[in-house]
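Take a look at the structure set out below.
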2 protein chains.
Amino acid sequence: RKKKDFSFSNRGKTLEDELNETNDYYLQLGHAVIHKKPVPVQIVRVEYPSRSAAVIREAYFRSPSTTDYNGVWNGKYVDFEAKETENKTSFPLKNIHEHQIHHMAQVLQHDGLAFLIIRFSSLDRYFIIPFDAFEVFWKRMMDGGRKSVTLTEIEEAGIELKPGAFPRIDYLPQLNKFH
Amino acid sequence: RKKKDFSFSNRGKTLEDELNETNDYYLQLGHAVIHKKPVPVQIVRVEYPSRSAAVIREAYFRSPSTTDYNGVWNGKYVDFEAKETENKTSFPLKNIHEHQIHHMAQVLQHDGLAFLIIRFSSLDRYFIIPFDAFEVFWKRMMDGGRKSVTLTEIEEAGIELKPGAFPRIDYLPQLNKFH
Ligand SMILES: [Mg+2]
Ligand SMILES: [Mg+2]
């Protein structure tokens, strides 16, 4: 039985934290310019107190029409969605919005690099999966099949990323293997 | 003296409205996948009323660390900032954040397409300016020079975009002329 290596475990960080650290590292070293998009909110009411910053007093979360991250690497457009699950044996597809799937399909049509990064949080395991491989599982669900992707299927369709210190989740070298 | 053509005037639309319409058109016709990024806000307090959507009750505007728009066209990464001014003779550089300039410089280093779209609202005139041409004016200001770019300079450094119906601001064909 494999002993868990706590030195590189995620220590309560969210996947978003880990990817922001990774992208900062890439930016500082000039490897790529990739940013997290802000959370989309619909702003309804703003107060303007004198002598201080405007305060948003009523706003609502909107469902995202695109993915979490995008940017440029080697002149190429890079676009991905990051998801984590506590599940130990499969990734539930209800975690993904249909318009995000639609968006990644459009990116692929325009020769961008589209993929997902999935963290199985309780297993401390990370995978990068090209969108075209992932789309097969989405279509299977749409055709009435299972509403999740098994860990075994993800192991086969994706590439495992071993977390490290710097950068935290080194996904960029894997993009050379796409297409 | 030229008569103003009201049939295609911007009729109270913001430049953002016009560019969103344009990008929708490009998306529908499969020309490019380019989206406006959400406005970045720092969320401090959220209420969760039972049986209805979460309400953000306290949040603040953050200054953007990147530009307004990005996406993919022909496999290439596209990134731009849109600005409008009521000024009739020059574009004030205080409209642009230093980190936005920094971001566009990084995009260029990674072989992305970086540019600005500037609207002179009271003149109903639109220009697209490649970032490398625009950066000259920014550096001039940093070196103690003027804090704006004259309309004449923009006419020379950029390409004028004539507004139309569909698409509203047809900037995509101009990208072929870059580099
Ligand atoms: Mg996500
Ligand atoms: Mg803007």
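Each chain gets a letter, A, B and so on, in the order the sequences are listed, and its residues count up from 1.
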Once you leave out hydrogens and angles, what donor-acceptor pairs under 3.5 Å do chain A and chain B share?
unit_1   : atom_1 : unit_2   : atom_2 : d
A:Ile56  : N      : B:Ala59  : O      : 2.8
A:Ile56  : O      : B:Ala59  : N      : 3.2
A:Arg57  : O      : B:Arg57  : NH1    : 3.4
A:Arg57  : NH1    : B:Arg57  : O      : 3.4
A:Ala59  : N      : B:Ile56  : O      : 3.2
A:Ala59  : O      : B:Ile56  : N      : 2.8
A:Asn70  : OD1    : B:Asn70  : ND2    : 2.9
A:Asn70  : ND2    : B:Asn70  : OD1    : 2.9
A:Gly75  : N      : B:His110 : O      : 2.7
A:His110 : O      : B:Gly75  : N      : 2.7

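Two different hydrophobic clusters hold B:Val44 and A:Val44 under the rule that ILVMFWY side chains link at heavy-atom gaps under 4.5 Å. Side-chain heavy atoms closer than 4.5 Å link hydrophobic residues (I, L, V, M, F, W, Y) into clusters, and following such links, even through other members, never connects B:Val136 to B:Ile101. A:Leu123 and A:Ile118 fall within a single hydrophobic cluster, where Ile, Leu, Val, Met, Phe, Trp and Tyr side chains are chained together by heavy-atom contacts under 4.5 Å.
Contacts between A:Val46 and chain B at a heavy-atom distance below 4.5 Å involve the side chain alone, from C-beta outward. Only the side chain of A:Val41 has a heavy atom closer than 4.5 Å to any heavy atom of chain B.
Looking only at heavy-atom pairs under 4.5 Å with chain A, the residue among B:Val107, B:Val55, B:Val72 that has the most is B:Val72.
With rounding to the nearest 0.5 Å, the separation of CG in B:Leu113 from CZ in B:Phe80 is 11.5 Å. Atoms CD1 and CG, from A:Ile34 and A:Leu27 in turn, are 9.5 Å apart once rounded to the nearest 0.5 Å.
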Would you sort out whether A:Ile129 and A:Phe91 count as a side chain to side chain contact (heavy atoms under 4.5 Å, CB included), showing the intermediate values? CA-CA 12 Å; A:Ile129 304 139; A:Phe91 175 76; over 6 Å; no

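Side-chain rings of B:Phe115 and B:Phe131 stay apart, their centers remaining 6.0 Å or farther from each other.
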